[in-house]
Colleague: 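Let me give you the structure first, and then I'll get to my questions.
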2 protein chains.
Amino acid sequence: MSRTGLTQQERTERTRARLLDATIDCLVELGYARTSTNEICRRAGVSRGAQQHHFATKADLMAEAVEHLVSKLIATMSTGPRPTLTGAAGIGECIEMLWRAYSGSLSTAVMELLVAGRTDAELRGAMQPIDKALARRTTELFHEMLGDHLPANRPDLALWLTVNLIRGLAMEKMLGGDPARRKQLLEEWKTIAMRTYGPPEQGV
Amino acid sequence: MSRTGLTQQERTERTRARLLDATIDCLVELGYARTSTNEICRRAGVSRGAQQHHFATKADLMAEAVEHLVSKLIATMSTGPRPTLTGAAGIGECIEMLWRAYSGSLSTAVMELLVAGRTDAELRGAMQPIDKALARRTTELFHEMLGDHLPANRPDLALWLTVNLIRGLAMEKMLGGDPARRKQLLEEWKTIAMRTYGPPEQGV
DNA sequence: TCACAAACATTCCAGGCTGCCGGTAAGTTG
DNA sequence: CAACTTACCGGCAGCCTGGAATGTTTGTGA
């Protein structure tokens, strides 16, 4: 009855996944501006007709790619290594974790979409709820990780200061600056954060 | 002898300035992807032929626009209000100043170019030296402003932590998040920076 | 004033991208 | 197994973009 042995649903999911993955690849490698449906299809190994069957317009494809992308990001974040220490050291490990999550290639794609969304109302509309979901999940994870050892005062401020700093660093990375310099800045922030949000110490 | 009363050099400078300004406008309003030479000429009130006469290719135009842009940014930064206070309060004012400079519309254009440069070697090559100039000028200004009251330990780390944080916040702004929230984060950072880099205090 | 060069305007062309269409193959249902 | 639905294919048309070629106006120097 079937040559490929695949059910319709399987075929659909496979093709859609291929297209969405290829879209993310394009975002990372080519940037939003140079990402064309043609190139996406080429990389996905799918015909343009098939692409249009599953995603009527390019905007549709992008909108779903955003979801796909953030799910992947959340997944890698959730399953990655967790901080094992508590107190100030735990905060340091959290910052490392956020660094990995928010400066990797998936986050690069997110940044491409953020910038593109600034001047594209449709894309921005698609991104807003998904970005919120990412923020919520990050916050949850942060609370889970530190457990009872949450910084006493304004814990979420610590989190979002870190994330925004990292995004700034990721931006600078785009021009290809010195990685050691970024590492140095991150270490400085780690020190400050541990002192500011860590458990109270005796000396200054 | 002349109908317009303008010398050749004046005409050239005027047209070039119009084109470069229009380019920056496009970057801010349309983003890099949707910025076409056609639109630039339309906004500049200049024919496509004139544009091509002064900037042979789109890349040339962009390269010079980067310079133009950063000069303007440096100019506004240099002539803007300077911190009047010293010590910890002076640091707070510096952060405010950096906030204004690095989150305005000129910086939005810079960010568009940074992101575009990530996947466009030619553009990136044009940007690198100019970005360095911006960094150097910012550092100089920072030292001028605080004068003898520079944070004792690692003053430049304080500066670049601030700039990168602000760029992250600017990124978040693109999705249209809550301005009050950003203000809150900046205030938190101000507090931390004053405590960390300001003159030593007695209590914690 | 006249020849020349620079600035500017218009038009055209090749290429890419998107969206749509008619047709085919594969899977599903009665 | 036959009707039907869904997935997929390849080509076409319209649009826009960037770059080139050609013609016109404006300033300049002899």
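Source: prediction; values computed, not measured. Just so we're on the same page: letters track the sequence lines, and every chain starts at 1.
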Colleague: Is the shortest heavy-atom distance from the side chain of L175(B) to the side chain of D131(A) under 4.5 Å?
Modeller: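 A side-chain contact exists here, since the closest heavy-atom pair is under 4.5 Å.
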Colleague: When the distance from OH of Y32(A) to P of dC17(C) is rounded to whole Å, what number comes out?
Modeller: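 Rounding to the nearest Å, OH of Y32(A) and P of dC17(C) are 14 Å apart.
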Colleague: Would you sort out whether T138(B) and Y102(B) count as a side chain to side chain donor-acceptor pair (under 3.5 Å), showing the intermediate values?
Modeller: CA-CA 10 Å; T138(B) 303; Y102(B) 278 83; 2.9 Å; yes
Colleague: Which listed nucleotide (dA7(D), dT18(C), dG19(D)) is nearest to the side chain of R48(B)?
Modeller: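 Nucleotide nearest to R48(B)'s side chain: dG19(D).
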Colleague: Specify the residue among G49(A) and R34(A) whose closest nucleotide of DNA chain C lies further upstream toward the 5′ end.
Modeller: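 Comparing both residues, the 5'-ward one is R34(A).
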Colleague: Does a sphere of radius 6.0 Å around CZ in R136(B) hold more than 12 heavy atoms from other residues, nucleotides or ligands, not counting ones at 6.0 Å or beyond?
Modeller: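 Open.
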Colleague: Atom CG of L61(A) and atom P of dG19(C): how far apart are they, to the nearest Å?
Modeller: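 The distance from CG of L61(A) to P of dG19(C) comes to 10 Å, rounded to the nearest Å.
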Colleague: Could you tell me whether the phosphate oxygens of dA20(D), OP1 or OP2, come under 4.0 Å of any side-chain nitrogen or oxygen in Q52(B)?
Modeller: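 For dA20(D), OP1/OP2 do have a side-chain N/O of Q52(B) under 4.0 Å.
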Colleague: Using atom CD of E122(B) as one end and atom C1' of dG18(D) as the other, report the distance to the nearest whole Å.
Modeller: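 That distance rounds to 14 Å.
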Colleague: In whole Å, I'd like the distance from the CD atom of Q51(B) to the P atom of dA9(C).
Modeller: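 It works out to 12 Å between those atoms.
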Colleague: Out of dA7(D), dG19(C), dC8(D), which nucleotide sits closest to the side chain of T15(A)?
Modeller: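 In terms of side-chain proximity for T15(A), the closest of dA7(D), dG19(C), dC8(D) is dC8(D).
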Colleague: Under a 4.5 Å cut-off applied to non-hydrogen side-chain atoms, are W160(A) and R181(B) in contact?
Modeller: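 Yes. Closest side-chain heavy atoms under 4.5 Å.
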Colleague: Looking only at side-chain atoms of H53(B), point me to the closest of dC8(C), dA20(D), dA7(D).
Modeller: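 Between dC8(C), dA20(D), dA7(D), the one nearest the side chain of H53(B) would be dC8(C).
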Colleague: Do the side-chain N or O atoms of H54(A) get closer than 4.0 angstrom to the phosphate oxygens (OP1, OP2) of dT6(D)?
Modeller: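 H54(A) to dT6(D) OP1/OP2: no side-chain N or O under 4.0 Å.
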Colleague: Please indicate whether E122(A) has more than 12 foreign heavy atoms, meaning atoms of other residues, nucleotides or ligands, lying under 6.0 Å from its CD.
Modeller: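 Atom CD in E122(A) is not packed in, count stays at 12 or less.
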Colleague: Round to the nearest Å and state the distance from K58(A) atom NZ to dG19(C) atom C1'.
Modeller: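 Result: 12 Å.
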Colleague: How is N38(B) classified with respect to the nucleic acid when contacts are heavy atoms under 4.0 Å: base, sugar-phosphate, or nothing?
Modeller: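 Since only primed, P, OP1 and OP2 atoms lie under 4.0 Å of N38(B), the category is sugar-phosphate.
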Colleague: Quick one: M62(A) CE to dG19(C) P, roughly how many Å, whole number?
Modeller: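 So the two atoms are 11 Å apart, to the nearest Å.
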Colleague: R42(B) CZ to dA9(C) P: how many Å, rounded?
Modeller: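 It works out to 15 Å between those atoms.
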Colleague: Could you state the CZ-C1' distance from R16(A) to dC8(D), rounded to the nearest angstrom?
Modeller: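 Value for this atom pair: 15 Å.
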Colleague: Identify whether any heavy atom of S47(A) sits under 4.0 Å from a base atom; if not, whether one sits that close to sugar-phosphate; answer base, sugar-phosphate or nothing.
Modeller: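 Base, at least one base atom sits under 4.0 Å.
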Colleague: Please determine, for the side chain of T37(B), which listed nucleotide (dG18(D), dG19(D), dT18(C)) has the closest atom?
Modeller: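 The answer is dG18(D).
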